[in-house]
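Both counts, for ligands and for their atoms, begin at 1 and track the order of listing. Heads up: numbering here begins at 1 and tracks the sequence.
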Amino acid sequence: MVGFPMTTTLPYPQHLLTLSDWPRAPTEEVLALAAEIKRRPEAFADVMTRRTLLMVFEKPSLRTRLSFETGMTRLGGHAIYYDTRTSPLGSGKESISDTVKVASRYVDLIMARLYEHADLEEMAAFADVPVINALTNFSHPCQILADLLTIQEKKGRLDGLKLAFVGDGLNNITHSLLTGCSRLGLSMAVGCPDGEGFRPDPSVVAEARGEAEGLGQSVVVTADPAEAVADADIVYVDSWMSYHIPAEEREARVAALRPYQVDAALMARARSDAIFMNCLPAMRGFEQTAEVIDGPQSVVFDQAENRMHVQNAIMVKLLEWRRA
Ligand code: CP
Ligand code: NVA
């Protein structure tokens with residue numbers, strides 16, 4: 001194992017379930033290590049030799065599967081793709097606790113993309129190895145750590161920037177952005193329709209607001225997309241039809257979310273040097289126009305690449321902290 005400076009104060013995070021569980025210091029350590037792995041990949045080519053990652057999927061994926069799997073290859077380790085549809089777990093023949101207790105006898109790390117966040121918490125409670133959230137209906141911390149790395153690269157800093165999220169506020173990406181941005185000193189505005197079906201979880205907003213205000217920043221939730229985007233350094237959108245949303249809700253959701261589409265006119269309300277982000281997958285003509293996502297302000301493919309670098313750093317750090 002390459003020796004890394006360990007600057008985090010105890011207790012070290014043992015899993016990555018939400019960013020809420022991660023204090024500022026380990027979060028910054030992971031971002032710094034991700035940048036280092038990206039800069040000097042050859043120095044990390046053997047850090048996962050004879051290590052195995054189990055990747056549990058209940059939902060579809062392009063980026064998460066490919067970035068974790070190729071990430072482990074680049075670090076000298078191995079990854080197993082495990083689709084719950086072909087597992088005893090998925091067919092109700094085996095419990096979560098037995099599944100992860102067995103897996104812990106074989107593998108060094110588990111990542112899971114699940115519907116219910118409570119199921120992920122149950123995995124972590126019974127696993128003897130670190131568990132990483134690869135997206136639940138509630139949160140998507142790996143994506144937001146990759147996004148923070150991308151913002152740091154593009155803007156040269158995080159502190160004091162304003163990120164505007166526009167669209168479906170009751171959303172895993174929105175929740176993790178609120179938590180991650182507020183922890184690292186960014187202000188955030190969410191522009192989303194009024195009503196319980198689209199506004200972010202009030203407890204996530206309250207925690208983020210407390211954290212942001214403690215750092216001299218703010219958290220605003222508004223039904224006015226123009227207000228949300230005003231003077232933003234970053235404009236961020238996500239799918240209007242997240243993986244867990246039933247297809248029969250499409251028509252009503254598109255009608256409700258249409259005013260929140262980021263087009264060139266809305267983008268022009270942000271700062272002139274603003275960047276445009278989307279965690280992907282994207283639908284041109286829905287959450288943003290093609291002109292915006294394919295235009296010069298878009299950094300969406302840098303975000304996708306950074307998933308791999310940041311996840312590699314997360315895996316290295318979780319194993320390091322396990323031994324600390
Ligand atoms: N952004 C993201 O998690 O993409 P996938 O659903 O393709 O993994
Ligand atoms: N909110 C989206 C994120 C996809 C990466 C979903 O849950 O499908």
For L280, state whether at least one heavy atom is located under 4.0 Å from any atom of ligand 2.
yes
Give, for atom SG of C279 and atom CD of Q143, the distance between the pair rounded to the nearest 0.5 Å.
5.0 Å
When only distance counts, is P60 in polar contact with ligand 1, meaning an N/O pair under 3.5 Å?
no
Can you name the one residue among V235, L178, V237, D238 that meets side-chain contact (heavy atoms from CB on, under 4.5 Å) with F165?
D238
Heavy-atom nearest neighbour in the protein, as seen from atom 6 (O) of ligand 1, with distance rounded to 0.1 Å
Y243 OH, 2.6 Å
So, regarding Y243 and ligand 2 (criterion: nitrogen or oxygen to nitrogen or oxygen, under 3.5 Å), is there a contact or not?
yes
Decide whether the shortest distance between a heavy atom of R65 and an atom of ligand 1 is less than 4.0 Å.
no
Do any nitrogen or oxygen atoms of N172 lie less than 3.5 angstrom from nitrogen or oxygen atoms of ligand 2?
yes
Which distance, rounded to the nearest 0.5 Å, do you find between the CG of L280 and the CD1 of I293?
5.5 Å
Specify the protein heavy atom at minimum distance from atom 4 (O) of ligand 1: its residue, its atom name, and the distance to 0.1 Å.
R63 NE, 2.8 Å
On the ring face of F68, is R63 found with NZ or CZ under 6.0 Å from the centre and within 45° of the axis?
no
Given side chains that start at C-beta, do those of V254 and R250 come closer than 4.5 Å, heavy atoms only?
yes
Tell me whether ligand 1 is touched by L280 - counting only heavy atoms on the residue side and a distance under 4.0 Å.
yes
Would you mind listing which atoms of ligand 1 come within a distance below 4.0 Å of any non-hydrogen atom of C279?
1 (N)
Cation-pi check, R65 to Y81: give yes when NZ or CZ is under 6.0 Å from the six-membered ring centre and within 45° of the ring axis, no otherwise.
yes
D238 heavy atoms, cut-off 4.0 Å: which ligand 2 atoms fall inside?
1 (N), 2 (C), 3 (C)
Close approach of K59 to ligand 1, heavy atoms, under 4.0 angstrom:
no
Numbered atoms of ligand 2 (with element) below 4.0 Å of L135, judged on heavy atoms:
3 (C), 4 (C), 5 (C), 7 (O)
Report yes if the side chains of T174 and L177 come closer than 4.5 Å at any heavy-atom pair, otherwise no.
no
For atom 7 (O) of ligand 1, what is the nearest protein heavy atom, given as residue, atom name and distance?
L62 N, 2.7 Å
Distance under 4.0 Å to a non-hydrogen atom of S242: what atoms of ligand 2 satisfy this?
1 (N), 2 (C), 6 (C), 7 (O), 8 (O)
Compare all side-chain heavy atoms of M111 with those of Q311 and state whether any distance is below 4.5 angstrom.
no
Provide the number and element of each atom of ligand 2 under 4.0 Å from a heavy atom of N171.
1 (N)
Given the options V219, D159, L215, I234, L186 meets side-chain contact (heavy atoms from CB on, under 4.5 Å) only with I234
E213 versus R209: any side-chain heavy-atom pair under 4.5 Å?
yes
